[in-house]
Amino acid sequence: MTSDTDLPTTFAPAQVEGPLYQRWVDRGYFTADAKSDRPAFSLVIPPPNVTGSLHMGHAFEHTLMDILTRRKRMQGFEALWLPGMDHAGIATQNVVEKTLAVEGLSRHDLGRVAFLERVWQWKDESGGTILGQMRRLGDSVDWTRERFTMDAGLSRAVNTIFKRLHDDGLIYRAERIINWCPRDLTALSDIEVEHLEEDGELVSIRYGDGADSVVVATTRVETMLGDTAVAVHPDDERYRHLVGREIELPLVGRMIRVVADEHVDPAFGTGAVKVTPAHDPNDFEIGRRHGLDNINVMDDNAAISLPGPWLGMDRFEARSAITEELRRLGRIVAEKRPYAHSVGHCSRCGTTVEPRLSLQWFVNVAPLAKAAGDAVRDGVVTIHPQSQEARWFAWVDNMHDWCISRQLWWGHRIPVWYGPDGETVVVGPDDDAPTGEGWRQDEDVLDTWFSSGLWPFSTLGWPDQTADLEKFYPTTVLVTGYDILFFWVARMMMFGLYAMKDDPRGAEPFHTVALHGMVRDARGKKMSKSFGNVVDPIEWIDKYGADALRFTLARGANPGTDVPISEDWVQGSRNFATKLWNATRFALMRGATTQGELPADLSPVDRWILSRLAAVQVEADALYDDYEFAKVCDLLFHFAWDEVFDWYVELVKAPLEAGGAAADATRRVLGEVLDSVLRLLHPVMPFLTETLWTTLTGGESLVVADWPTADLTRRDPQAEQEVALLQSVITEVRRFRAEQAIKPRTRLAAVLAFDDPAAAAAVPGYLGQLESLAGLEPVTVGEAPPGFQAVVVPGVRVSIDTSGAIDVAAERARLGKLLATAVNEVALAEKKLADPAFTGKAPQPVIDKITGRLTTAQADVARITGQIDGLPS
RNA sequence: GGGCGUUUAGCUCAGCGGGAGAGCGCUUCCCUGACACGGAAGAGGUCGCAGGUUCAAUCCCUGCAACGCCCACCA
């Protein structure tokens with residue numbers, strides 16, 4: 001009766017996973033064919049500069065994408081990841097590769113090396129960031145800006161979009177106030193600036209003298225050197241006499257104008273504002289309106305550049321020095337310290353950002369952002385979960401122009417050339433760069449999000465009309481974290497909608513944005529180096545298996561919310577994996593098979609589990625479709641473990657022992673159920689299910705197997721009811737035994753009697769199961785002899801031979817508790833039903849439900865009372 | 001300064017107008033020939049606080065509190 005299985009007795013993930021992965025790759029399961037006539041399912045996988053590195057968050061993201069892809073592939077789609085790490089050709093990755101080369105690693109080590117993380121986290125002795133490191137490595141690595149090379153395809157795409165936007169007037173070069181990082185020596189876009197609440201100072205200074213004086217306040221005293229005006233509100237009576245006149249700027253001695261501008265809030269402070277057009281965005285706008293001069297007072301390092309006593313002094317030193325001097329001159333009217341206000345910091349290195357006038361390249365985002373907002377508003381693109389849409393609109397509808405030039409060492413150089421006579425030429429993808437004396441290319445590189453924003457189509461060969469682009473654009477879904485909604489998703493939307501606007505298939509880069517949360521530790525804390533709670537996914541994969549880690553991540557993946565993860569959970573998943581392994585092994589030993597048709601004549605237990613399977617399949621499909629991975633995992637976990645393994649397999653043991661046609665049928669059903677369960681679980685536990693499934697079915701691979709579809713004709717409410725009754729009989733007897741402290745090995749004789757025909761018809765068919773699962777032996781049907789103790793469930797009385805030796809007190813206590821809840825239930829239901837307000841207004845189904853509840857509760861009361869009365873005194 | 005979210009069992013989280021759920025942890029019993037990474041039976045919550053709407057509120061509304069996140073050019 002025991003058949004051979006290929007499964008080792010113990011489950012060792014490592015021995016299963018590596019070889020399988022290689023086999024899938026070798027057979028091309030991970031490549032997609034643009035020419036196939038299968039429907040396309042494509043998703044965008046973030047380039048490495050987006051995901052950062054192969055840390056837990058990356059593992060999480062990969063897990064979600066792979067879950068989607070595997071299921072879709074099984075459902076008959078041509079599934080494509082765009083384009084996977086192997087094709088990544090963006091600038092950052094080149095840097096990374098060179099870095100890895102220095103350490104003697106290759107890209108194939110990516111799975112084990114948290115590569116980019118390392119690059120970003122590098123600090124030299126002075127606390128410098130990546131820049132310093134690159135300079136340090138400069139001797140051994142050839143990566144100067146000029147010689148930097150990029151993937152040709154991406155380069156072409158970047159140049160194409162740049163030129164198109166420029167020619168449409170959507171990219172321009174201008175002097176604007178930008179966020180400047182004096183440490184990294186580069187401009188930053190708005191979202192690269194992190195605002196932090198800080199204790200600063202608010203200093204009120206008197207400008208001008210006598211009747212022509214006015215008090216202004218500032219948190220950045222040093223900028224006063226560049227003031228070119230004082231602004232007041234046009235309707236402010238207090239200052240009306242000053243408007244248009246000039247007053248003297250202290251320390252500097254320059255005469256500055258008093259201007260009237262709507263921007264000034266007369267109720268704030270003194271109602272007068274110092275205007276520094278070169279160091280404040282608001283002031284810059286005021287300056288533009290009034291034709292003021294822009295005086296830049298700092299150099300790239302944020303040291304004072306204005307000739308005078310403070311020349312060369314750092315901005316913060318200058319702040320106190322200048323304050324001191326003003327105080328000496330009696331110019332300071334008030335000082336508020338500490339003054340809490342928020343200050344911008346470089347998101348890369350933490351340095352306080354200096355708003356500063358600078359000549360940079362910008363994208364005019366208004367029309368692009370509007371399109372991005374409309375796409376979601378019009379339902380062309382769906383953001384999932386929907387609750388995140390609000391954030392999207394708030395952002396997209398209020399976006400400022402995007403500063404895209406960076407003074408960094410890596411990145412895609414701006415495709416603009418300047419001629420000796422002031423010419424400016426934007427070089428398109430098919431143009432030759434101008435040559436000759438005096439021509440030079442713009443020194444700056446593009447914001448990394450500029451090239452990343454092209455990802456969905458540049459990776460498909462755009463601007464060429466490739467077969468890939470034809471088939472896979474627009475992509476089906478983008479899976480990514482809510483933290484980069486604005487960084488990356490927004491850029492892809494803007495570029496996609498713009499660049500592909502003439503595409504008949506649709507311009508949007510993806511139809512659905514599925515947002516997930518951040519991976520956190522067991523206490524819900526963000527994983528971070530400083531907390532010391534960062535876990536390398538490889539560590540847990542080695543310890544518990546990739547399936548265990550993946551199942552854990554998937555099981556925590558509620559859309560849009562963060563995922564706490566801890567070793568305990570991974571252990572739990574590993575336990576589930578082991579359970580699956582052992583259960584399947586057992587089934588194989590008992591001859592479970594997937595060969596042949598399902599027999600028409602099945603036992604109620606077989607019909608029950610098939611019925612449940614059909615229900616679970618329907619539910620699982622709906623959840624998978626809705627990106628509800630946590631719920632899918634939960635559903636399948638409980639169906640497999642509780643229903644299939646703990647009940648079905650146990651109930652079926654006795655019939656299988658008995659043999660015959662019924663046993664053959666059950667072997668087939670067992671095979672059928674496992675087959676489907678393994679398929680359903682494959683997306684979330686690919687390695688384990690592949691091994692088990694191929695052994696069970698002899699099939700080639702789950703990767704190319706069909707997704708199971710629910711057979712609704714198998715739904716069988718009667719069988720479900722019957723088994724539910726059986727389960728409650730067994731459970732009640734077990735509970736009785738446990739409370740009576742009856743040794744598990746002790747076999748007790750029992751006699752069954754029935755209170756309703758359905759039970760009388762069903763239960764006698766399960767005497768074998770009652771014996772093995774409830775520890776009863778022998779079990780007969782008939783009149784209960786005196787002295788037997790009755791365990792009663794609705795419809796069935798099980799009289800058990802306890803040889804008079806039962807713990808009456810314990811039993812009385814147990815029954816008393818049951819009675820109390822039943823009595824309570826009756827009272828509650830009666831009260832409700834007696835209330836005309838309830839019966840008058842509640843919907844009929846609810847009333848029926850309560851009525852039904854009352855009936856059962858009343859029956860329970862009678863039943864339990866009878867039991868208590870039957871107890872020996 | 002705006003906006004959003006969270007508050008349910010010891011921990012991490014589901015649920016969301018009509019009988020409080022899961023995983024882990026905990027208690028008791030059991031090494032029964034698939035599995036002790038297991039099996040069986042349990043304990044544990046006035047669903048943040050205060051009002052309101054409703055026949056009915058953990059679920060809807062209002063206020064409050066705590067925590068968290070995002071956004072922000074108010075000197």
Side-chain angles (χ1 to χ4, degrees), chain A residues 2 5 7 9-11 177 190-191 195 202 204 216-220 231 263-265 268-276 280-285 341-342 344 355 387-388 390-391 394-395 398 400 482-483 485-486 518 520-524 526 544 548 552 555-556 558 560-566 568-569 571-590 630-631 634 637-638 645-646 649-650 653 730-731 734-739 741-745 772-773 775 825 828-829 832 835-843 845-847 849-850 853 857:
Chain A
T2 306
T5 83
L7 296 179
T9 325
T10 46
F11 169 49
I177 300 287
D190 290 347
I191 46 174
H195 288 88
L202 183 67
S204 300
V216 297
T218 180
T219 54
R220 293 156 69 208
H263 167 77
V264 180
D265 175 6
F268 189 94
T270 60
V273 189
K274 66 191 270 300
V275 181
T276 324
D280 183 281
N282 285 317
D283 294 3
F284 180 74
E285 291 305 320
H341 67 308
S342 94
S387 54
Q388 299 276 352
R391 279 181 71 213
W395 164 264
N398 298 299
H400 296 265
Y482 62 73
D483 59 327
L485 188 59
F486 308 138
M518 306 294 106
R520 292 168 178 276
D521 74 4
R523 296 191 337 258
K526 202 184 252 176
Y544 302 105
T552 308
R555 201 177 186 188
N558 285 114
T561 55
D562 290 345
V563 190
I565 185 168
S566 92
D568 285 350
W569 313 180
Q571 238 169 61
S573 301
R574 187 271 320 263
N575 294 354
F576 178 52
T578 310
K579 185 71 181 181
L580 262 178
W581 178 276
N582 284 317
T584 307
R585 201 161 58 86
F586 171 77
L588 288 167
M589 283 164 53
R590 297 302 171 101
K631 294 187 180 71
D634 207 52
F637 176 92
H638 285 291
F645 303 152
D646 284 345
V649 166
E650 293 302 326
K653 273 179 179 172
I730 291 171
T731 303
R734 282 171 172 171
R735 186 180 299 150
F736 173 77
R737 295 179 57 114
E739 310 229 346
I742 295 167
K743 292 270 176 248
R745 287 195 177 272
S772 56
L773 299 186
E825 181 72 27
L828 246 145
K832 273 197 170 178
D835 183 357
F838 172 74
T839 49
K841 296 200 176 177
V846 174
I847 296 176
K849 212 167 148 188
I850 303 287
R853 208 181 293 164

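In what follows, chains carry the letters A, B, and so on, assigned in the order in which the sequence lines appear, proteins first and then strands, with residues in each chain numbered from 1. What's counted below: heavy atoms across the whole structure, side chains too, no hydrogens, waters or symmetry copies.
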Check your understanding: Taking CD1 from A:I565 and C1' from B:C13, how many angstroms apart are they, rounded to a whole number?
Key -> 14 Å

Check your understanding: Are the side chains of A:E285 and A:I177 in touch, meaning some heavy atoms are under 4.5 Å apart?
Key -> no

Exercise for review: Take atom NZ of A:K579 and atom C1' of B:A40, then tell me their distance rounded to the nearest Å.
Suggested key: 12 Å

Review point. Which part of the nucleic acid does A:A583 contact within heavy-atom distance under 4.0 Å: base, sugar-phosphate only, or nothing?
Key: base

Check your understanding: Taking CD from A:E739 and C1' from B:C29, how many angstroms apart are they, rounded to a whole number?
Key -> 12 Å

Practice item. Give the ring-plane orientation class for A:F576 versus A:F637, where under 30° counts as parallel, over 60° as perpendicular and anything between as tilted. Key: tilted

Review point. Taking the same atom, P, in B:C64 and in B:G10, what whole-Å distance lies between them?
Key: 29 Å

Exercise for review: For B:G51, give its Watson-Crick or G-U wobble partner with both distances under 3.5 Å, or none.
Suggested key: B:C61

Study note, to complete from the structure: Considering only heavy side-chain atoms of A:D646, the closest of B:C37, B:A34, B:A40 is B:A40

For nucleotides 5-10 of chain B, which of its nitrogen or oxygen atoms have a protein nitrogen or oxygen under 3.5 Å away, and what is each distance?
none

**Study point:** Contact pattern, 5' to 3', of nucleotides 19-28 of chain B - B, S or - by protein heavy atom under 4.0 Å
**Key:** B--SSS----

Exercise for review: With the side chain of A:T578 defined as its heavy atoms from C-beta on, choose the nearest nucleotide among B:C37, B:A41, B:G38.
Suggested key: B:C37

Point to revise | Nucleotide of B:A14, B:C35, B:C30 approaching A:P744 most closely (side-chain heavy atoms) | key: B:C30

Review point. Within the distance-only criterion (no hydrogens, no angle test), does the side chain of A:D280 pair as donor or acceptor with the backbone N or O of A:D283 below 3.5 angstrom?
Key: yes

Check your understanding: Starting at CZ of A:R590 and ending at P of B:G33, how long is that distance when rounded to a whole Å?
Key -> 11 Å

Check your understanding: Would you say A:R555 and A:W569 make side-chain contact, with heavy atoms under 4.5 Å?
Key -> no

Review point. Closest nucleotide of RNA chain B for A:K841 versus for A:D562: which of these residues is on the 5' side?
Key: A:D562

Study note, to complete from the structure: Any strand, both distances under 3.5 Å, Watson-Crick or G-U wobble: B:G68 pairs with B:C4

Revision key, fill the gap. Any strand, both distances under 3.5 Å, Watson-Crick or G-U wobble: B:A43 pairs with none

Practice item. Examine the base of B:A34 for any acceptor or donor lying under 3.5 Å from a partner atom in the side chain of A:E650, and report the outcome as yes or no. Key: yes

Review point. With sugar-phosphate meaning primed atoms plus P, OP1 and OP2, does A:R734 contact a base, only sugar-phosphate, or nothing at under 4.0 Å between heavy atoms?
Key: sugar-phosphate

Exercise for review: Could you tell me whether a side-chain N or O of A:R734 sits under 3.5 Å from a main-chain N or O of A:L773, the two making a donor and an acceptor?
Suggested key: yes

Check your understanding: Within a strict 4.5 Å, meaning less than it, do heavy atoms of the A:R574 and A:F11 side chains meet?
Key -> no

Exercise for review: Compare the minimum distances between each of B:A40, B:U12, B:A34 and the side chain of A:P564, then state the nucleotide with the smallest one.
Suggested key: B:U12

Study note, to complete from the structure: Among the nucleotides B:A14, B:G18, B:A34, whichever has the atom closest to the side chain of A:N558 is B:A14

Study note, to complete from the structure: From CZ of A:F645 across to P of B:A40 the rounded distance in Å is 13 Å

**Study point:** Donor-acceptor contact below 3.5 Å, side chain A:R520 vs main chain A:I565
**Key:** no

**Study point:** Side-chain heavy atoms of A:T839 within contact of A:K832, under 4.5 Å
**Key:** no

Check your understanding: Within this structure, what is the CZ-to-P distance between A:R585 and B:A34, rounded to whole angstrom?
Key -> 9 Å

Review point. Looking at side-chain heavy atoms only, is the closest gap between A:F838 and A:I850 below 4.5 Å?
Key: yes

**Study point:** Side chain of A:R745 - closest among B:A34, B:U32, B:C37
**Key:** B:U32

Revision key, fill the gap. For B:G23, the nucleotide meeting Watson-Crick or G-U wobble distances (both under 3.5 Å) is B:C11

Revision key, fill the gap. Rounded to whole Å, CG of A:L773 lies from C1' of B:A41 at a distance of 15 Å

Practice item. In whole angstrom, give the distance that lies between atom NZ of A:K743 and atom P of B:G39. Key: 21 Å

Point to revise | Name of the residue among A:T218, A:V264, A:D265 meeting side-chain contact (heavy atoms from CB on, under 4.5 Å) with A:V273 | key: A:V264

Review point. What string of B, S and - do you get for nucleotides 68-75 of chain B, 5' to 3', when a contact is any protein heavy atom under 4.0 Å?
Key: --S-BB-B

